[in-house]
Amino acid sequence: MTQPPAKRFPAPALDKLPDDIRARLLAVQEKSGFIPNVFLTLAYRPAEFRAFFAYHDALMDKESGLTKAEREMIVVATSAANQCQYCVIAHGAILRIRAKNPLIADQVAVNYRKADITPRQRAMLDFALKVALEAHVVSESDFAALAAHGLSDDDIWDIAAIAAFFALSNRLANVTGMRPNDEFYLMGRVPK
């Protein structure tokens with residue numbers, strides 16, 4: 001029995017979606033072989049879908065001082081802290097692929113402090129978790145600690161923006177009861 005993408009707020013039928021959203025979903029399906037449930041669930045509100053993915057793409061797809069794998073580490077670590085099953089599973093799959101490491105996502109999700117990551121990445125995740133859970137106590141000492149690891153002000157902005165954006169995503173995924181696609185569980189774990 002096929003599970004719905006989310007427990008609440010049913011996904012609209014593809015043929016009922018605005019052309020631009022339908023085209024994006026079909027392009028994702030062509031590239032990955034399936035449509036991740038986040039796309040189907042957020043299509044419930046087309047204007048918000050567009051805004052969400054515009055900001056997602058601006059954060060996650062640009063060239064920056066953070067690698068694509070490091071950006072996914074931030075998502076996995078903060079999503080675990082926010083108890084977001086969907087984002088830990090989905091972005092864990094992407095992290096495994098981007099890092100070319102079948103173990104890293106589980107390590108980061110469970111306890112990044114014991115993960116096989118660099119001191120720079122640990123400092124990055126320390127800051128990301130602080131932003132995700134207690135941004136009100138961020139201080140100049142946090143910026144100094146990151147700078148000591150070679151992270152620029154733009155890198156620090158990116159860490160904070162990714163942690164903040166995915167806090168929104170985590171909350172929406174939890175409220176909607178978004179279910180991770182089964183395909184995510186094996187991605188990056190076993191050779192194709």
Side-chain angles (χ1 to χ4, degrees), residues 1-64 66-98 105 108-109 128-129 131-133 135 154-155 157-188:
M1 178 171 157
T2 302
Q3 297 284 330
K7 290 180 182 173
R8 298 196 52 90
F9 309 104
L14 283 177
D15 63 345
K16 303 286 187 220
L17 291 172
D19 291 342
D20 62 316
I21 294 174
R22 183 174 51 255
R24 176 142 189 186
L25 270 59
L26 294 174
V28 168
Q29 182 178 38
E30 184 175 323
K31 181 178 179 181
S32 65
F34 66 101
I35 301 174
N37 287 339
V38 66
F39 289 91
L40 295 168
T41 302
L42 295 181
Y44 180 79
R45 308 283 295 265
E48 293 168 36
F49 175 101
R50 291 180 188 104
F52 180 94
F53 284 106
Y55 196 41
H56 171 278
D57 296 350
L59 290 172
M60 301 302 284
D61 294 341
K62 69 180 180 177
E63 293 298 320
S64 82
L66 303 178
T67 67
K68 289 186 177 193
E70 287 172 335
R71 285 178 250 176
E72 295 298 337
M73 280 183 201
I74 294 166
V75 178
V76 171
T78 59
S79 296
N82 289 324
Q83 299 182 48
C84 180
Q85 181 186 52
Y86 183 88
C87 291
V88 169
I89 302 298
H91 288 274
I94 298 167
L95 173 55
R96 288 189 298 272
I97 291 166
R98 295 219 163 127
V108 168
L129 267 289
V131 171
L133 301 175
D154 283 339
D155 298 335
W157 179 286
D158 289 343
I159 295 165
I162 292 165
F165 176 77
F166 279 93
L168 168 121
S169 181
N170 298 157
R171 283 148 181 82
L172 282 172
N174 279 326
V175 167
T176 62
M178 200 180 302
R179 182 182 183 281
N181 301 68
D182 292 346
E183 292 88 345
F184 285 127
Y185 289 92
L186 293 180
M187 288 173 60

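All values reported here derive from a predicted model rather than from experimental measurement.
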- Decide yes or no on side-chain contact (heavy atoms from CB on, under 4.5 Å) for Phe49 and Leu25, but give the supporting numbers first. CA-CA 11 Å; Phe49 175 101; Leu25 270 59; 3.6 Å; yes

- Task: Output, in order, the C-alpha distance, side-chain angles, deciding distance and verdict of salt bridge (Lys or Arg N to Asp or Glu O under 4.0 Å) for Lys62 and Asp158.
- Result: CA-CA 10 Å; Lys62 69 180 180 177; Asp158 289 343; 2.7 Å; yes

- Message: Checking Phe52 against Phe39 for the side-chain contact (heavy atoms from CB on, under 4.5 Å) test, could you report, in this order, the C-alpha distance in whole Å, the side-chain angles of both residues, the deciding distance, and whether it holds?
- Response: CA-CA 10 Å; Phe52 180 94; Phe39 289 91; over 6 Å; no

- Task: For side-chain contact (heavy atoms from CB on, under 4.5 Å), just list the numbers for Arg98 and Ile94, CA-CA rounded to whole Å, side-chain angles, deciding distance to a tenth of an Å, and then say yes or no.
- Result: CA-CA 6 Å; Arg98 295 219 163 127; Ile94 298 167; 3.8 Å; yes

- Item | Full working for side-chain contact (heavy atoms from CB on, under 4.5 Å) between Leu26 and Glu30 | CA-CA 6 Å; Leu26 294 174; Glu30 184 175 323; over 6 Å; no

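Phe166 and Cys87 get closest at one heavy-atom pair: CD2-SG, 4.4 Å. Here the closest heavy-atom approach between residue Arg22 and residue Asp15 is recorded as NH1-O, 3.8 Å. Closest heavy-atom contact between Ala132 and Ala163: N-CB, 4.4 Å. Between Asp20 and Arg50, the shortest heavy-atom contact is OD2-NE, 2.6 Å. Closest heavy-atom contact between Ala43 and Ile21: CB-CG2, 4.2 Å. Ile35 and Gln29 make their closest contact through CG1-CB, 3.5 Å (heavy atoms, listed as atom of the first residue, atom of the second, distance).
Of the possible donor and acceptor atoms, none in the side chain of Ser79 sits under 3.5 Å from a partner among the backbone N and O of Val76. Using modelled atom types, one side-chain atom of Arg71 and one backbone atom of Met60 make a donor-acceptor pair closer than 3.5 Å. Glu70 places a side-chain N or O within 3.5 Å of a backbone atom of Thr67 that can act as its donor or acceptor partner. At least one donor-acceptor pair under 3.5 Å links the side chain of Asn181 to the backbone N or O of Asn37. Between the Arg171 side chain and the Ala167 main chain, a donor and an acceptor come within less than 3.5 Å of each other.
For the atom pair Met178 CE and Leu40 CG, the distance stands at 9.5 Å (nearest 0.5 Å). The CG atom of Leu66 sits 6.0 Å away from the CD1 atom of Ile162 when rounded to the nearest 0.5 Å. Remark: Ser64 OG to Asp155 CG distance equals 6.0 Å, nearest 0.5 Å. Taken to the nearest 0.5 Å, the CG atom of Leu42 stands 7.5 Å off from the OG1 atom of Thr176.
A 4.5 Å side-chain heavy-atom check between Phe53 and Val38 finds at least one atom pair inside the cut-off. At a threshold of 4.5 Å between non-hydrogen side-chain atoms, the residues Val131 and Thr78 do not count as touching. Side-chain contact check for Thr41 versus Phe9: every heavy-atom pair is 4.5 Å or farther apart.
Relative orientation of the Phe184 and Tyr86 rings is perpendicular, given thresholds of 30° and 60° on the angle between their planes.
For Asp57 and Arg24, the salt-bridge test passes: some basic side-chain N is under 4.0 Å from an acidic carboxylate O.
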